[in-house]
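Here is the structure we will look at, set down as structure tokens.
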Amino acid sequence: QVQLVESGGGLVRAGDSLRLSCAASGRAASSLNVGWFRQAPGKEREFVAGSRRISGDTYYKDSVKGRFTISRNNAMNTVYLQMNSLRPEDTAVYYCAAGSSLRIGVAAGYDYWGQGTQVTVSS
């Protein structure tokens with residue numbers, strides 16, 4: 001069993017930056033694929049970024065490429081999402097997820113989820 005706890009959300013202005021953290025316990029995050037998803041009000045949960053456990057390859061939603069970066073600190077068993085040049089359309093609850101599936105870009109590919117952290121970007 002893996003427990004994931006996100007932190008770092010908040011209210012910022014367009015153009016600002018935030019770094020979300022996801023602390024894992026119960027199993028090393030380095031042994032799992034990890035991903036970040038988000039869900040805005042009235043919309044479905046969508047993939048934002050993912051990192052494969054073995055290759056370290058990273059993947060991003062097109063609209064966040066060049067602005068967001070997913071990274072891991074294996075010693076701290078923590079995964080990060082650095083978000084720069086934030087836009088109002090990035091407003092959502094952000095979720096950290098972990099799993100072993102090859103399907104890194106879809107929610108069904110993850111077994112463990114955090115509780116989410118709210119990110120609000122004002123214009």
Side-chain angles (χ1 to χ4, degrees):
Q1 192 73 4
V2 177
Q3 293 78 43
L4 303 172
V5 179
E6 303 98 333
S7 60
L11 171 62
V12 297
R13 294 182 178 181
D16 285 350
S17 298
L18 277 176
R19 188 177 78 160
L20 304 184
S21 299
C22 174
S25 61
R27 182 175 171 181
S30 59
S31 68
L32 298 166
N33 298 326
V34 291
W36 287 95
F37 287 74
R38 68 187 182 189
Q39 188 167 17
K43 295 187 177 181
E44 293 189 353
R45 189 169 298 190
E46 64 177 7
F47 172 77
V48 175
S51 171
R52 291 201 184 278
R53 62 185 177 95
I54 295 178
S55 66
D57 289 345
T58 56
Y59 305 86
Y60 297 94
K61 176 181 174 63
D62 284 347
S63 64
V64 308
K65 285 181 182 177
R67 300 189 298 123
F68 291 11
T69 304
I70 186 172
S71 63
R72 303 172 183 250
N73 182 327
N74 290 333
M76 298 291 290
N77 212 22
T78 301
V79 180
Y80 303 99
L81 184 67
Q82 177 67 43
M83 306 186 295
N84 299 328
S85 302
L86 282 161
R87 304 168 180 171
E89 54 265 38
D90 294 318
T91 295
V93 177
Y94 283 71
Y95 298 89
C96 174
S100 303
S101 170
L102 295 176
R103 301 169 64 197
I104 201 168
V106 295
Y110 295 85
D111 304 305
Y112 309 103
W113 291 84
Q115 82 289 349
T117 185
Q118 176 71 46
V119 172
T120 304
V121 184
S122 64
S123 58

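The closest donor-acceptor contact from the side chain of Asn33 to the backbone of Arg53 lies under 3.5 Å. Proximity of a side-chain donor or acceptor of Arg72 to a complementary backbone N or O of Ser51 within less than 3.5 Å is detected. A donor-acceptor pair under 3.5 Å links the side-chain atoms of Arg67 to the main chain of Ser85, judged by distance alone. No donor-acceptor pair closer than 3.5 Å links the side chain of Tyr112 to the backbone N or O of Cys96.
With a 4.5 Å cut-off on side-chain heavy atoms, Val93 and Thr117 do not count as touching. Using a 4.5 Å cut-off on side-chain heavy atoms (C-beta onward), Val34 and Tyr110 make no contact. Residues Glu46 and Arg38 form a side-chain contact, since some pair of their non-hydrogen atoms from C-beta on lies under 4.5 Å apart. Under the 4.5 Å side-chain criterion, counting only non-hydrogen atoms from C-beta, Leu81 is in contact with Val48. Between Phe37 and Val106 there is no side-chain heavy-atom pair separated by less than 4.5 Å. Counting heavy atoms from C-beta outward, Leu20 and Trp36 have side chains that approach closer than 4.5 Å.
Nearest heavy-atom pair, Gly50 versus Ile104, reported as atom, atom and distance to 0.1 Å: C-CD1, 3.9 Å. Looking at every heavy atom in both residues, Gln3 comes nearest to Gln1 through NE2-CG, 3.2 Å. Between Ala92 and Ala40 the shortest heavy-atom distance is CB-N, 3.8 Å. Between Asn84 and Gln82, the closest heavy-atom pair is OD1-NE2, 2.9 Å.
Across Trp113, Tyr95, Tyr94, a single residue satisfies side-chain contact (heavy atoms from CB on, under 4.5 Å) together with Glu6, and that is Tyr95.
With sequence neighbours left out, Thr91 forms a side-chain contact (heavy atoms from CB on, under 4.5 Å) with Gln118, Thr120, Val121. Considering only residues two or more places apart in sequence or on other chains, Tyr80 meets the side-chain contact (heavy atoms from CB on, under 4.5 Å) condition with Arg19, Ser21, Ser71, Asn73, Thr78.
Annotation: the span from Phe68 atom CZ to Leu18 atom CG amounts to 9.0 Å, rounded to 0.5 Å. To the nearest 0.5 angstrom, Lys61 atom NZ is 10.5 Å from Lys65 atom NZ. Interatomic distance, CD1 of Ile70 versus CE of Met83, reported as 12.0 Å (0.5 Å rounding).
Using a 3.5 Å distance cut-off with no hydrogens or angles, the side chains of Arg52 and Tyr59 do pair a donor with an acceptor.
With respect to Asp16 and Arg13, no salt bridge is recorded, no charged nitrogen being found less than 4.0 Å from a carboxylate O.
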